[in-house]
Protein chains: 2
Amino acid sequence: MRQAEELRDAVEAYLRSVVFAPELGRLEEALRYSLESGGKRIRPVLCLAVVEAAGGEVEHGLPAAAALELVHTFSLVHDDLPALDDDSERRGRPSSHVAFGDGPALLAGDALLAEAIRLAVTYDDAAIVRELVEATLAMIGGQYRDITDADGDLVELHRLKTGRLFAASIGLGLRVARVADPDQAPWREFGEEIGLLFQVVDDMLDGDGLASRLPTDEVRRLADDAAERARTALDAVSGDTSVLRELADSVAFRTG
Amino acid sequence: MRQAEELRDAVEAYLRSVVFAPELGRLEEALRYSLESGGKRIRPVLCLAVVEAAGGEVEHGLPAAAALELVHTFSLVHDDLPALDDDSERRGRPSSHVAFGDGPALLAGDALLAEAIRLAVTYDDAAIVRELVEATLAMIGGQYRDITDADGDLVELHRLKTGRLFAASIGLGLRVARVADPDQAPWREFGEEIGLLFQVVDDMLDGDGLASRLPTDEVRRLADDAAERARTALDAVSGDTSVLRELADSVAFRTG
């Protein structure tokens with residue numbers, strides 16, 4: 001079993017090696033800029049950890065893992081645009097539209113989504129593309145709610161905006177490792193819970209969302225309960241889930 | 001053989017019947033608004049005409065045809081945004097960002113691209129998704145050139161921004177009808193030429209692009225030559241290509 005850090009290194013190396021469509025020309029710089037911005041790669045690492053825990057080959061999972069990170073990055077680039085959150089910084093650097101201009105950033109986001117699909121379609125399994133694109137649509141729907149229905153159900157908003165791509169990270173790993181459908185349930189439950197956990201902790205760190213509506217101890221309990229359910233889900237899984245448990249802990253106790 | 005007008009009706013009916021991801025919620029209105037804006041549906045009609053000329057079932061081609069129209073519509077919605085062309089009208093109506101706001105229009109464009117992939121992946125043929133997404137990337141690269149390299153090679157720009165999705169309209173039709181790879185060449189040549197033809201005529205009608213750089217008779221000759229090469233390509237195709245010839249004529253002689 002590779003440790004989480006090794007999986008992360010594999011993701012980084014693979015992302016650097018991805019060849020983008022030559023027709024993008026110099027727009028490629030904007031794609032690489034946003035991809036190389038030092039994120040935690042939690043989605044692709046989760047995907048690869050599932051592949052390995054389920055008995056698959058980590059190398060075989062790399063295109064799916066990278067596709068997840070590209071979809072995530074596409075969403076960040078578009079969310080940062082003036083049309084949406086108008087954030088001028090992302091992880092301590094100028095966001096894409098500040099570095100390259102609004103038009104190129106918009107197109108870079110579009111291209112990241114299209115390149116994600118191109119990676120996902122390298123598998124001989126249409127279900128991989130389907131699951132990725134359905135999660136993407138849920139994420140877009142979540143972002144739409146976020147800008148139009150600020151008083152809506154926050155747990156549902158998180159499930160759409162963040163949870164579904166987390167769930168797809170687990171789902172794509174299962175499909176790469178060819179885990180039979182009837183055996184996927186506990187893994188997928190783990191995916192749902194870790195997505196919720198990630199977003200609740202995010203709100204705690206940012207002091208917004210759920211953290212602005214509920215008392216601190218209640219938010220902390222939401223997170224603890226999700227972490228507990230994530231661990232329980234893994235109890236029903238056969239295979240070495242040590243790395244997945246470690247990842248769940250790192251999400252639960254992260255500080256940034 | 002169905003006539004072009006019948007194919008167009010089939011496309012319209014199918015587009016109205018497409019069920020979008022429920023997670024999009026009310027954003028669906030923005031997708032439908034842009035899809036129902038009365039375009040000529042030239043890409044999906046070309047796709048279906050190829051399916052039928054090559055001996056396939058028109059009904060089987062409808063998801064691919066619709067996917068092409070969704071990709072085209074995604075590109076229009078994003079191109080109209082203030083970040084790019086900042087066009088407030090599209091086909092005599094307020095453009096998406098004027099009707100719904102910049103943020104929703106951005107997300108609607110993203111969702112149209114993702115929904116196009118969802119339609120393309122309903123086929124048990126990864127090559128359909130691959131060809132669609134590669135054409136999409138070329139189109140994005142073309143748009144990037146358009147905003148960053150105004151003095152560049154216009155024929156190459158058109159090939160990327162418009163030609164590749166036209167070529168994919170033919171290509172997807174061939175794949176739906178399961179035309180063997182060695183037999184695809186003349187069809188694909190037709191696709192290249194009709195894409196070029198469409199854009200040259202577009203420039204003539206708008207008085208920009210090639211029409212602003214070359215004398216009128218030279219631009220007209222470019223169009224005539226492309227139309228002639230498109231017809232010649234069809235001569236090498238077995239099957240009833242009458243509808244495709246009619247479509248080529250309607251592109252060559254269109255007035256709006």
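Values below: all heavy atoms of this structure, side chains included; hydrogens, waters and symmetry mates excluded. Order of the sequence lines sets the chain letters (A, B, ...), proteins ahead of strands, with each chain counted from 1. Just so it is clear, the model here is predicted, and its values are computed rather than measured.
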Pairs of heavy atoms under 4.5 Å with chain B: top-ranked of A:Leu113, A:Thr136, A:Asp85: A:Leu113
Atom CZ of B:Arg213 with >12 non-hydrogen neighbours under 6.0 angstrom: yes
Over 12 non-hydrogen atoms of neighbours within 6.0 angstrom of CZ in B:Arg91: yes
Engaged part of B:Glu115 at the chain A interface, taking heavy atoms whose separation is under 4.5 Å: both
Residue, of A:Arg145, A:Arg130, A:His97, A:Glu28, that accumulates the most heavy atom pairs under 4.5 Å with chain B: A:Arg130
Greater than 12 external heavy atoms within 6.0 Å of B:Arg26's CZ: no
Pairs of heavy atoms under 4.5 Å with chain B: top-ranked of A:Thr148, A:Leu84, A:Thr122, A:Asp125: A:Leu84
CG (A:Asp206) with more than 12 external heavy atoms under 6.0 Å: yes
Region of A:Leu132 that comes under 4.5 Å of a non-hydrogen atom in chain B: neither
Best-contacting candidate, A:Ala111, A:Ala120, A:Ala105, A:Ala30, against chain B by heavy atom pairs under 4.5 angstrom: A:Ala111
B:Arg164, part contacting chain A, at a heavy-atom distance under 4.5 Å: side chain
Leading residue by heavy atom contact count with chain A [cutoff under 4.5 Å; candidates B:Val121, B:Leu160, B:Leu81]: B:Val121
Best-contacting candidate, A:Leu24, A:Asp110, A:Asp102, against chain B by heavy atom pairs under 4.5 angstrom: A:Asp110
B:Ala114 versus A:Val133, closest heavy-atom pair with distance: O-CG2, 3.2 Å
Identified side-chain contact (heavy atoms from CB on, under 4.5 Å) partner of A:Ile147 from the options B:Leu107, B:Leu27, B:Leu106: B:Leu107
Heavy atoms of other groups near B:Glu57 CD, more than 12 under 6.0 Å: no
B:Phe20 portion near chain A, given a 4.5 angstrom heavy-atom threshold: neither
